[in-house]
Amino acid sequence: MANNATRRSLLKAATGVAAYGAGVAALSAGAAVVSSGTAKGATSGVSPELTRLIAECERVEAFVQHFYNTNFNPKCDEANRRYFSLPHVTAENRPGAYPAVFTTENSTDVTRCQGIVSIPRDQQSQDPGWQITYKAARRIVAGVKQRERAWKRIERETEFDVASAQEEPLSAAEQAALDAVENFPAASLADMKAKLGVMVKRERSEVIIVEMLTADLDRLTKREG
């Protein structure tokens, strides 16, 4: 019913190996067009401000990971365990119809039953066979609502609702810390390499990495030109 996909969807867009290959290719190509003055500057190390931003990124990431390990994930697992242990609702369809039995366990059944019930009652066929189907559909829709209410109760009792409310701002803070590193204007190839390492570790996409390195290379070449 729930998971910790929010954080991963924000921070993960491709495999690290592929991203690393794309980034190294861009960095290597760019190094050839950067002047010797810039290359010499790269040997002096990473900019202090970038070093601080990377450290902050790691600090925030560690804090968020601790939140997942000790708070969000245990509550999520317990809430899901209780939810998925709930019995499903079933209802027999009219004789000879398919499926013979509707169940809240089957999403297709649920969608079909919701469609049947959405038709105004005075527009429903009064055929006895269809009335069996209609009543079965109503039972399934009621069962879905019952399970939804049960999930809300489970969220409260396990305090998963509180953990879920905390997750979004924490994920946003983690993303902001990573963005700060990504958007830092590299002053040298050493800065670019440091940024590349951070992006690869967080498995950013090839597109994001190449765009980041290209922007830094453009800035460095213009400065040296």
Side-chain angles (χ1 to χ4, degrees), residues 1-73 76-77 80 107 163-225:
M1 186 69 180
N3 55 51
N4 60 354
T6 301
R7 178 184 187 222
R8 299 306 175 195
S9 66
L10 283 170
L11 299 175
K12 185 173 182 180
T15 61
V17 173
Y20 181 78
V24 168
L27 185 56
S28 297
V33 299
V34 177
S35 71
S36 60
T38 300
K40 182 178 180 180
T43 64
S44 63
V46 179
S47 300
E49 178 60 14
L50 178 57
T51 299
R52 186 191 68 78
L53 291 174
I54 292 174
E56 176 65 8
C57 183
E58 292 174 347
R59 185 192 70 78
V60 173
E61 184 178 61
F63 181 87
V64 174
Q65 189 60 57
H66 179 74
F67 163 76
Y68 275 102
N69 292 341
T70 63
N71 189 332
F72 185 93
N73 289 345
C76 178
D77 291 343
N80 280 336
S107 61
S164 295
Q166 294 171 332
E167 182 195 22
E168 185 171 347
L170 287 176
S171 293
E174 188 176 20
Q175 182 65 49
L178 183 59
D179 288 344
V181 174
E182 179 182 326
N183 296 326
F184 178 83
S188 67
L189 292 181
D191 283 355
M192 293 179 64
K193 183 177 180 181
K195 290 173 62 175
L196 174 60
V198 172
M199 296 301 115
V200 169
K201 182 178 179 181
R202 277 72 180 180
E203 298 187 323
R204 297 290 272 172
S205 73
E206 295 95 325
V207 172
I208 289 175
I209 287 179
V210 170
E211 287 179 347
M212 177 191 73
L213 295 178
T214 300
D216 282 336
L217 287 168
D218 286 344
R219 199 160 34 241
L220 291 175
T221 52
K222 287 178 182 177
R223 187 185 71 182
E224 293 302 315

*asked:* Nearest 0.5 Å, please: how far is CG in Asp218 from CG in Leu213?
replied: 11.0 Å
*asked:* Treating Ser205 as the side-chain partner and Ile208 as the backbone partner, does any N or O pair qualify as donor plus acceptor under 3.5 Å?
replied: yes
*Can you sort out the partners of Glu49 under side-chain hydrogen bond (donor to acceptor under 3.5 Å, both in side chains), two or more places apart, ordered by chain and number?*
Arg52
_Among residues at least two apart in sequence or on other chains, which ones pass side-chain hydrogen bond (donor to acceptor under 3.5 Å, both in side chains) with Glu211?_
none
*Which atom names give the shortest non-hydrogen contact between Ser188 and Gly45, and what distance separates them?*
OG-O, 4.1 Å
*Asp191 side chain to Val46 backbone, donor-acceptor under 3.5 Å*: no
*Might you point out which heavy atoms bring Cys57 and Arg202 nearest each other, and give the distance in Å?*
SG-NH2, 4.0 Å
*Assess whether side-chain contact (heavy atoms from CB on, under 4.5 Å) is satisfied between Lys193 and Leu189, documenting all intermediate values.*
CA-CA 6 Å; Lys193 183 177 180 181; Leu189 292 181; over 6 Å; no
*Nearest-0.5 Å distance that lies between atom CD in Gln65 and atom CD in Glu58*: 13.5 Å
*Quick one: does Glu167's side chain get under 4.5 Å of Tyr68's, heavy atoms only?*
yes
_Can you confirm whether Met192 sits close enough to Leu196 that some side-chain heavy atom of one is under 4.5 Å from a side-chain heavy atom of the other?_
no
*Closest heavy-atom pair and its distance - Asn71, Ala163*: OD1-CB, 3.5 Å
_Rounded distance (nearest 0.5 Å) linking atom CG of Leu50 with atom CD1 of Ile54_ = 4.0 Å
Side-chain donor/acceptor pairs under 3.5 Å, residues 177-184, sequence neighbours excluded:
residue	atom	partner	partner atom	Å
Asp179	OD1	Gln175	NE2	2.9
Glu182	OE1	Arg204	NH2	3.0
Asn183	ND2	Asp179	O	3.0

*For Ser171 and Glu168, indicate whether the former's side chain and the latter's backbone hold a donor-acceptor pair under 3.5 Å.*
no
